[in-house]
Amino acid sequence: EAMLFVAMLGAYYYLGSNKDRWADHVAPKWWLALILMAILLASSVVLWWGEQQVKKERFAAGRVALWISVLMGIGFLALQGFEYSVEWKDTTPYSDTYGSIFYSITTLHAAHVIAGLMMLMYIGVMPRYGDTRRTPHKPYEAAALYWHFVDAVWVFIVLFLYIIPNIQRYLHVH
């Protein structure tokens with residue numbers, strides 16, 4: 001999973017090394033990306049707290065934390081849809097190379113968010129998800145680990161697709 005995103009970000013920088021391909025492109029709105037990042041990071045904190053509750057066998061609190069994280073993840077996807085509607089005015093997946101790779105990376109991440117949400121929702125309806133003492137399998141921890149990975153990937157996406165291009169554009173203009 002991590003190598004897939006490394007490859008996509010590598011493709012992004014390879015394509016961007018020829019500035020003629022997207023020299024006129026307006027960098028995406030960084031403030032939306034930061035709001036999205038805050039939502040995902042906060043959801044990871046909530047889910048981590050839920051993990052701690054499950055370890056203490058406070059399963060109800062763990063379940064509440066899990067469902068709060070799910071709601072935050074759904075909010076992330078809704079806001080990302082809004083972001084797409086804002087960005088679509090300037091850039092589409094078929095407008096140029098930049099649009100193609102930008103939407104490919106962010107949509108690939110959204111697909112991983114959806115997969116993480118499905119895992120969390122499955123755990124959320126399981127009758128028992130803590131340490132059963134019969135097996136080393138810990139479904140809550142496994143799903144949470146995937147969720148934390150998806151959140152960490154977003155931090156890199158924000159850095160490489162939003163922050164750095166906006167800084168470069170600012171320095172180029174001034």
Side-chain angles (χ1 to χ4, degrees), residues 1-2 4-6 8-9 12 25-56 58-93 95 98-130 138-167:
E1 297 286 322
L4 178 62
F5 283 103
V6 167
M8 292 296 287
L9 291 173
Y12 172 81
H25 179 74
V26 176
K29 315 307 183 269
W30 58 268
W31 59 273
L32 279 171
L34 291 179
I35 293 169
L36 289 165
M37 184 166 62
I39 291 169
L40 279 186
L41 293 178
S43 74
S44 263
V45 169
V46 170
L47 193 58
W48 173 84
W49 181 82
E51 288 177 81
Q52 304 313 307
Q53 299 313 301
V54 169
K55 288 177 184 175
K56 296 174 185 173
R58 296 178 187 154
F59 299 113
R63 192 176 305 273
V64 168
L66 184 138
W67 283 107
I68 290 171
S69 295
V70 166
L71 291 174
M72 294 173 87
I74 292 169
F76 171 88
L77 290 173
L79 188 56
Q80 188 172 24
F82 171 75
E83 178 206 17
Y84 279 8
S85 73
V86 169
E87 294 299 333
W88 203 269
K89 294 172 184 143
D90 297 320
T91 305
T92 65
S95 61
Y98 176 82
S100 176
I101 195 70
F102 172 80
Y103 285 102
S104 293
I105 292 171
T106 56
T107 302
L108 178 67
H109 180 265
H112 282 78
V113 170
I114 291 167
L117 286 171
M118 290 180 2
M119 287 181 214
L120 292 175
M121 287 188 280
Y122 177 74
I123 302 303
V125 297
M126 287 179 76
R128 182 144 187 192
Y129 47 80
K138 297 178 177 147
Y140 195 109
E141 289 180 33
L145 181 62
Y146 185 82
W147 189 254
H148 299 317
F149 163 76
V150 169
D151 294 356
V153 167
W154 185 252
V155 171
F156 289 102
I157 289 172
V158 169
L159 178 65
F160 293 123
L161 270 64
Y162 295 86
I163 303 298
I164 292 173
N166 275 290
I167 290 172

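Model, not experiment: these values are computed from the prediction. In what follows, residues are counted from 1 in the order of the sequence shown.
Between the side chain of Tyr98 and the main chain of Thr91, no donor-acceptor pair closer than 3.5 Å is present. No side-chain donor-acceptor contact under 3.5 Å links Arg58 to the backbone of Gln52.
The two residues Val113 and Trp147 make their nearest non-hydrogen contact at O-CZ3, 3.6 Å.
Around the CH2 atom of Trp48, the shell of radius 6.0 Å holds no more than 12 heavy atoms that belong to other residues, nucleotides or ligands. By the 6.0 Å contact criterion, OH on Tyr84 is enclosed, its count of non-hydrogen atoms from other residues, nucleotides or ligands being greater than 12.
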Using the rule given for side-chain contact (heavy atoms from CB on, under 4.5 Å), can you reason through Val155 versus Leu41, listing the C-alpha separation, both sets of side-chain angles and the distance that settles it, and then say yes or no? CA-CA 9 Å; Val155 171; Leu41 293 178; 4.1 Å; yes

Before giving the answer on side-chain contact (heavy atoms from CB on, under 4.5 Å), spell out for Tyr162 and Leu32 the whole-Å C-alpha distance, their side-chain angles and the decisive distance to 0.1 Å. CA-CA 9 Å; Tyr162 295 86; Leu32 279 171; over 6 Å; no

Worked check of side-chain contact (heavy atoms from CB on, under 4.5 Å) between Leu40 and His109: CA-CA 12 Å; Leu40 279 186; His109 180 265; 3.8 Å; yes

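Phe76 contributes atom CZ, which lies 10.0 Å from atom CD1 of Ile114 (distance to the nearest 0.5 angstrom).
Within the structure, side-chain hydrogen bond (donor to acceptor under 3.5 Å, both in side chains) pairs that include any residue of residues 73-82 do not occur (at least two apart or interchain).
The side chain to side chain contact (heavy atoms under 4.5 Å, CB included) check on Trp88 picks up Thr92, Pro93, Tyr94, Tyr103, with sequence neighbours excluded. Partners of His112 according to the side-chain hydrogen bond (donor to acceptor under 3.5 Å, both in side chains) rule, which considers only residues two or more places apart in sequence or in another chain, are Glu1.
When each of Lys138, Lys56, His148 is tested with Glu51 by the rule side chain to side chain donor-acceptor pair (under 3.5 Å), just one qualifies, namely His148.
Ring orientation note: the planes of Tyr146 and Phe149 are tilted relative to one another, at an angle of 30° to 60°.
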